[in-house]
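First comes the structure, then the notes that go with it.
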Amino acid sequence: MATFPFELVSPERVLFSGEATQVVVPASEGEITVLANHAPFMSALRSGVVTIDNGQRLFVRGGFADVSAAGLTVLAEQAVPLDEINPEALSGQIRNAEEDLRDAKTDEARARAQGKLDGLNAMMAAIRN
Amino acid sequence: MPSLKDLRNRIASVKATQKITKAMQMVAAAKLRRAQAAAEAARPYASKMEAVLANLAAGISGSDAPALLAGNGKDQVHLLIVCTAERGLCGAFNSSIVRLARERINSLLAAGKTVKILCVGKKGFEQLKRNYERHIIDVVDLRSVKHLSYGEAEMIATKVIGLFDQGEFDVATLFYSRFRSVISQIPTAQGLIPAEIGSGEGGTKAAYEYEPDEAEILSTLLPRNIAVQIFRALLENAASEQGARMSAMDNATRNAGEMIKKQTQKYNRSRQAMITKELIEIISGAEAL
């Protein structure tokens, strides 16, 4: 099958760079499967899982997918391979975040804690599936 | 003329200082490797972001471009975001960033503009507050942050965008030090709002499909671009700081070595002179008998 260049980058590192035959991306209005020679396309992402060639799975939160003649580029605000996530550590982090949310005094701190908690919960949901 | 004991003490103290500077140099070298890797890992994201943004911006005509991209049309109030280190002892690293910022401030003030300063890092704040205290609107303290993450940059970006939306300033410029090599860091001023977009490569005018629509994507992409630019500046700064500290401490260590050599020579000379003097006294005493 035809392959196309695919890159998954987060601000902290490059998670995947190479050829892929099929990538599933959680776009804002539903999951999209990108194959080679896809029409130029750009979409915001929601929290979810990127699946590469039906094998490697990565959790992404926020960002953009950009399909052009040069291939698919996913710019994720946060991206973690699913097998690097430890469910126990994660549930501990969720508990901490819930505590932070309760303790937050200012609106700004509350919004930040809420955002963090939402991200963690989305990550938890991604592992469970 | 210092006594032998004074000289001995002086040599011992220089030796102790040399040990410290040597240790600091090695710590900086280890940290530099990590900071440099982080800065390099962040580059692909920032450059991809730029390419996507250039592509999008090319499709949006001048008048209905969002304010974050094109500015709000005014040029009166300038916000300077000055990123420096939290610690000193890193050569001219902090002062060269501050010097660049100061030149800009002075030329803006001379042109009758209003200047507001947002300091990131303690050192820059300390140097700027002497002359420009009433211009400084906020200080971001990153002392408690051990490992720089995107979260910190996002926090600063949110603050900056909030101020922009309230109409607190018209133009934002970011000051930081670009890391070129261990011995060369370049203080840089970079325009943040309106966005500086390389117009060169965005030429692929393919018929894009957007989901949701173009304007909406741009409105979430632009704040993120600011966060990414700040993040990159912070990482470059961290690498530059360690590089500057490494070479500063290397110089200090070498300097201490020279000082020890000189002092030891002086010590040996005066010891020798004393022995000779005593011998002469003994001999001339014996001759007198």
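For clarity, every value in this text was computed on a predicted model and none was experimentally measured. In what follows, chains carry the letters A, B, and so on, assigned in the order in which the sequence lines appear, proteins first and then strands, with residues in each chain numbered from 1.
- Contact tally against chain B (heavy-atom pairs below 4.5 Å) for A:G62, A:A69, A:G63: the top residue is A:G63.
- In this structure, no portion of B:E40 lies under 4.5 Å from any heavy atom of chain A.
- Residue B:T158: no heavy atom, backbone or side chain, is found under 4.5 Å from chain A.
- Annotation: B:R178, atom CZ; neighbour count of heavy atoms from other residues, nucleotides and ligands within 6.0 Å does not exceed 12.
- For A:S28, the parts sitting under 4.5 Å from any heavy atom of chain B are the backbone and the side chain alike.
- Heavy-atom neighbours of chain B within the stretch residues 5-17 of chain A, taken at a separation under 4.5 angstrom, comprise A:E7, A:V9, A:S10, A:P11, A:E12, A:R13, A:V14.
- From A:F64, atom CZ reaches atom CD1 of B:I217 across 6.5 Å, with rounding to the nearest 0.5 Å.
- Sparse packing is recorded around CD of A:E88, with 12 or fewer heavy atoms of other residues, nucleotides or ligands lying under 6.0 Å away.
- With sequence neighbours left out, the side-chain contact (heavy atoms from CB on, under 4.5 Å) criterion links B:Q190 to B:L174, B:Y176, B:E196, B:Q229, B:R232.
- Looking at B:F231, only its side chain comes within 4.5 Å of chain A, counting heavy atoms on both sides.
- Rounded to the nearest 0.5 angstrom, A:L75 CG and B:K48 NZ are separated by 8.0 Å.
- Heavy-atom contacts from other residues, nucleotides or ligands closer than 6.0 Å to CG of B:D165 number more than 12.
- Summarising the local packing, CZ of B:R33 is surrounded by 12 or fewer heavy atoms from other residues, nucleotides or ligands at distances under 6.0 Å.
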